[in-house]
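Beneath this line is the structure, given in structure tokens, with notes to follow.
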Amino acid sequence: MTLPRPLPRLFSRLPLPPLAAPALGLALTRLLRRIATRQPAILSRLGPYQAARFLIDVQDGPVLLLMEPEARRITALPRRAPPPHDAAIRGRMAAFLAMLHGTEDGDALFFSGELEISGDTSAVLALRNALDDAELDLTGELAALARPPFDRWLRRASHLAAQRSGYALSREEPLA
Amino acid sequence: MMELVCPAGTPAALRAAVDAGAHTVYCGFADETNARNFPGLNFSREELAEGVAYARARGARVLVAINTFPRAGGQALWHRAVADAHQAGAHAVILADPGLIAHAAEAHPDLRLHLSVQAAAANPDAINLYAEAFGIRRVVLPRVLTVEEITAINREIDIETEVFVFGGLCVMAEGRCSLSSWATGLSPNMNGVCSPASHVAYEEVAGNNEARLGGYLIHRTPKGAPVPYPTLCKGCFTAPATRTGPAQTGHIFEDPVSLDATELIPKLQKAGVTALKIEGRQRSRAYVAQVVRAFRAAVEAAEQGAPMPAGLLAKLTEGQAATTGAYAKTWR
């Protein structure tokens, strides 16, 4: 498993500016709602686990994320206040992005210790499978929320950032 | 060229397998009719029909695994699965239960039938019985045979053989294991789940990662070390001290390793094997794409008499270690 380096430690230690967490939560919620509308199969694959509360702990990031699929909501919270949850997934940003974009296998990330889970294992499995089938592309989804020419700039910036950092910022294109 | 039979737990994985060079893809419906009945996995009827169309358009075929054993009084679910797979245009169905096979042969005489590894047909007499009684066209051989035994079987049967070459190993003669059932009440044979996730718990305790199944501690590994999935047969257990020796801790049944028989492909070809099967319908599309690409290169190399590529897939295996299993009898 060769993932790029973690985000700089400073990133997870700096105090958050006021309203940064709520603003991030709102932005991620908007993204989640857009994805849920365009790809309802994600929710049907989750089945009864739509009602589960998933704690996403990006360990080199500044906040904890609580994802509630049924409420179509993501909340960003300070690290000092972990919310009640049914299942938790922990790992570096690089591992989450690699799994989400299909550049690495979720089980392999887990077997190697890059991702850790706790709580309701079935819920995590359902989420992993639903996201894997959705073939998400975060850069594409964000670009779709922007107006021209910002969408093109965003794609280009994401491509350059991915090249420089090694992070999987968009979906790997299928083989020809 | 030997046929490459590849797993798909989702439509995205099916497309990944076909795009990566699978000749054939196998999948199942999202219920207890198949042996990978995991949350969020498998196909609806519509998804199967779309998958068949996608594969056909690219020269590939789709098999549907309906390989659990119907509950008494609940056979209708399994009968409907066979009918729907036929309706969706599946190339064949993979079945294990003799009653269901008899039903499929009678109700769908033009549907190609494969005998699942779950049927545990491990000798020519058993295989010939299935072929003669029900018109089975291919048998998936249990993972307990050596290459020499496979050669001997192929000499005495007239149907195709398919063998596993990569992925998670089941150490029991398939279809006859009660370990998961003992710990959780659910089994691969009846419910389609070995060590179901609903009974799995991971916890960090005193600097170690603990993995439990149905409350039983199966693995304890230092934080940061590889964490296997807690299946009883691959668990790490402590046997107490006896008068003849000290306490021992180890993998009593089997190590958590995966099968990788890449190096044996030329021998399997010589043994008369028609198709090579990759395990892993529960794995991601990234896994499917990488493994299928590697094995497509391997079967093409075998066809040309070139050496087999080795060690490409270690990071994808359970426990990140591989074995050639029973094929070469280096396996316990």
Side-chain angles (χ1 to χ4, degrees), chain A residues 1-3 39-50 52 69 87-91 97-137 168 171-176, chain B residues 9-16 18-21 30 38-44 47 168 193 195-204 209 211-213 221-230 256 258 280 282-293 313-320:
Chain A
M1 190 69 47
T2 49
L3 289 174
Q39 305 211 44
I42 294 183
L43 296 171
S44 56
R45 277 198 179 273
L46 274 174
Y49 302 106
Q50 281 187 53
I89 314 174
R90 297 181 176 83
L97 288 173
M99 181 175 71
L100 197 65
H101 288 127
T103 55
E104 296 285 353
D105 172 54
D107 280 7
L109 288 165
F110 176 68
F111 293 150
S112 65
E114 288 287 355
L115 287 178
E116 293 176 1
I117 63 175
S118 59
D120 188 338
T121 309
S122 288
V124 174
L125 203 56
L127 179 66
R128 196 282 308 263
N129 290 330
L131 292 176
D132 193 57
D133 185 52
E135 299 181 294
L136 292 179
D137 183 332
R171 181 161 70 88
E172 200 176 39
E173 288 304 313
L175 293 174
Chain B
T10 61
L14 181 147
R15 293 191 294 273
V18 171
D19 293 345
F38 292 129
L41 211 62
N42 294 316
F43 287 65
S44 67
E47 287 170 340
V193 277
S195 309
S198 53
H199 291 66
V200 168
Y202 292 98
E203 202 179 355
E204 191 182 325
N209 286 319
R212 291 175 184 271
L213 178 70
T221 52
K223 194 166 165 52
V227 189
Y229 192 83
S258 289
Q282 73 283 18
R283 302 293 291 265
S284 70
R285 66 180 202 275
Y287 170 93
V288 168
Q290 290 177 56
V291 176
V292 173
R293 226 176 285 149
L313 299 166
K315 70 170 184 173
L316 290 171
T317 56
E318 184 181 2
Q320 304 202 312

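Lettering follows sequence order; numbering is per chain, from 1.
A side-chain N or O of Ser284(B) and one of Asp105(A) form a donor-acceptor pair less than 3.5 Å apart.
Both the backbone and the side chain of Leu125(A) have a heavy atom closer than 4.5 Å to some heavy atom of chain B. For chain B, the nearby parts of Asp133(A) are the backbone and the side chain; heavy atoms of each come within less than 4.5 Å.
Residues Thr221(B) and Pro228(B) approach most closely at CG2-CD, 4.4 Å, considering heavy atoms. Pairing each heavy atom of Ala20(B) with each of Ala289(B), the nearest pair is CB-O, 3.7 Å.
Here Glu135(A) is the residue among Arg128(A), Glu116(A), Glu135(A), Met99(A) with the most heavy-atom pairs under 4.5 Å with chain B.
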Item to complete: Determine, step by step, whether Arg45(A) and Glu47(B) satisfy the salt bridge (Lys or Arg N to Asp or Glu O under 4.0 Å) criterion, reporting the C-alpha distance in whole Å, the side-chain angles of both residues, the deciding distance to 0.1 Å, and the verdict.
Response: CA-CA 12 Å; Arg45(A) 277 198 179 273; Glu47(B) 287 170 340; 3.1 Å; yes

